[in-house]
There are 2 protein chains.
Amino acid sequence: MTKAHPTDTSHDHNLCIKEALENAQKVCTARGSRLTALRERVLELVWQSHRPIGAYEVMANLKQGNSKPAQPPTVYRALSFLVEQGLVHKLSSSNAYIGCHIPDKAHDSCFLVCSNCQTTIELDIPDIKQSLAAHAEQCHFSINYSNIELSGLCAECR
Amino acid sequence: MTKAHPTDTSHDHNLCIKEALENAQKVCTARGSRLTALRERVLELVWQSHRPIGAYEVMANLKQGNSKPAQPPTVYRALSFLVEQGLVHKLSSSNAYIGCHIPDKAHDSCFLVCSNCQTTIELDIPDIKQSLAAHAEQCHFSINYSNIELSGLCAECR
DNA sequence: ATATGAAGTGTTACACAATAACATTGATTA
DNA sequence: TAATCAATGTTATTGTGTAACACTTCATAT
Ligand SMILES: [Zn+2]
Ligand SMILES: [Zn+2]
Ligand SMILES: [Zn+2]
Ligand SMILES: [Zn+2]
């Protein structure tokens, strides 16, 4: 059973959100970390769409919604927690956050960001990591973290 | 003749700077773009070391040196020009800039950033790009720009 | 040479992104 | 229950980047 791509506009996104929240609960329970109401709410907001969302946008949504309004430190702390737990990734080229769909699996992320609609797909590509490590080794360089962000056009937009 | 790696602390860095400035002149002349005194000075400051430098650090150095002090927009404009011309790359994960050593050659960059000393090596890895493009194509995604930043330990630091 | 327009730089003010420091609240445990 | 630590609230500040407009410099055409 293959999963629908986020670029498939007809997919049931409520299911994406539901799964993400369930996965988060599982992951946090397993690790003994606390997914508080605030953190869960922020995670839900990050999962609003398959486009990266900025910290201040999250904050604005908190204010609008039924949640209590929050200041920047509150939002950044929640986001930091989610990133630490691997539930959310940060895209440094746009200072924005996106939910991870495989938070229970250790992986090196590779993001495809559509330059037209911002829809973002996360790929887990072990072979690329191997290849990069080999190249790096030739410079006597050992990799321990990779940040790969590719921009282009998604299926819908091209 | 192989070139010394930036991580080789005994290399003649004045030569790096000299070559970078010469290359810049060539590239700009060939393209009919203007490498003004300010832009050249900023490029020289970026090439101060093989570590990425922030815009505000460049600005501070301009103030200290014999150059005229400059405001943020001035510095950012110069940096933007240099990035457009491919003379400098921006590392988004650290909001910092580093000189390109192959500005005359179209390439997709891959950066190895030492997490201990920040020394950064730029690799041109066409095969990785091919591989990434192939993976992306499976999601019906076409890549037109890649940002790859790897952190780890360089030869000196590990 | 002089006018004209475009490109580059100066200047001020502001917007957006992130964190420091400290107070308060809530959960856990002795 | 008291003590303790984790989480959140609050205020202020730092860091990063840009908008808008004035002024200067350079290239080109008359
Ligand atoms: Zn979805
Ligand atoms: Zn992920
Ligand atoms: Zn050097
Ligand atoms: Zn380069």
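So you know, we letter chains A, B, ... as the sequences are listed, proteins then strands, and number each from 1.
Side chain of A/Ser115 to backbone of A/Ser151: no donor-acceptor contact under 3.5 angstrom is found. Side-chain atoms of A/His107 come within 3.5 Å of backbone atoms of A/Lys105 as a donor-acceptor pair (strictly under, hydrogens ignored). Within the 3.5 Å criterion, the main-chain N or O of A/Gln25 finds a donor-acceptor partner in the side chain of A/Thr29.
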- request: Quick one: do B/Leu43 and B/Leu45 satisfy side chain to side chain contact (heavy atoms under 4.5 Å, CB included)? Show the steps, please.
  value: CA-CA 5 Å; B/Leu43 180 61; B/Leu45 288 173; over 6 Å; no
- request: Assess whether side chain to side chain contact (heavy atoms under 4.5 Å, CB included) is satisfied between A/Thr36 and A/Arg39, documenting all intermediate values.
  value: CA-CA 5 Å; A/Thr36 62; A/Arg39 289 165 173 175; 3.3 Å; yes
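For the residue pair A/Glu149 / A/Ser92, a side-chain donor-acceptor distance below 3.5 Å is found, with atom types taken as modelled.
Sequence neighbours left out, the pairs with a member in residues 13-49 of chain A that pass ring pair (Phe, Tyr, Trp, His ring centres under 6.0 Å) are A/His11-A/His13, A/His13-A/His50, A/Trp47-A/His50.
For D/dT8, the OP1/OP2 oxygens have no side-chain nitrogen or oxygen of A/Thr74 closer than 4.0 Å. Dashed line: the shortest gap from a side-chain N or O of B/Lys68 to OP1 or OP2 of C/dT9 is not under 4.0 Å.
B/Arg31 has its CZ atom 18 Å from the P atom of C/dA7, to the nearest Å. The interatomic distance linking B/Phe81 (CZ) with C/dG8 (P) rounds to 7 Å, in whole Å. Atoms CD (A/Gln71) and P (C/dA17) sit 16 Å apart, rounded to a whole Å. Between B/Glu57 atom CD and D/dT14 atom P there is a gap of 18 Å when expressed in whole angstrom units.
Heavy-atom distances under 4.0 Å link DNA chain C to A/Arg34 of residues 33-44 of chain A, given in residue order.
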task: For each nucleotide in nucleotides 17-24 of chain D, reading 5' to 3', give B when a protein heavy atom comes within less than 4.0 Å of its base, S when such contact involves only the sugar-phosphate, and - otherwise.
output: BBBB----
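Of all heavy-atom pairs between B/Gln118 and B/Pro52, the closest is O-CD, 3.2 Å.
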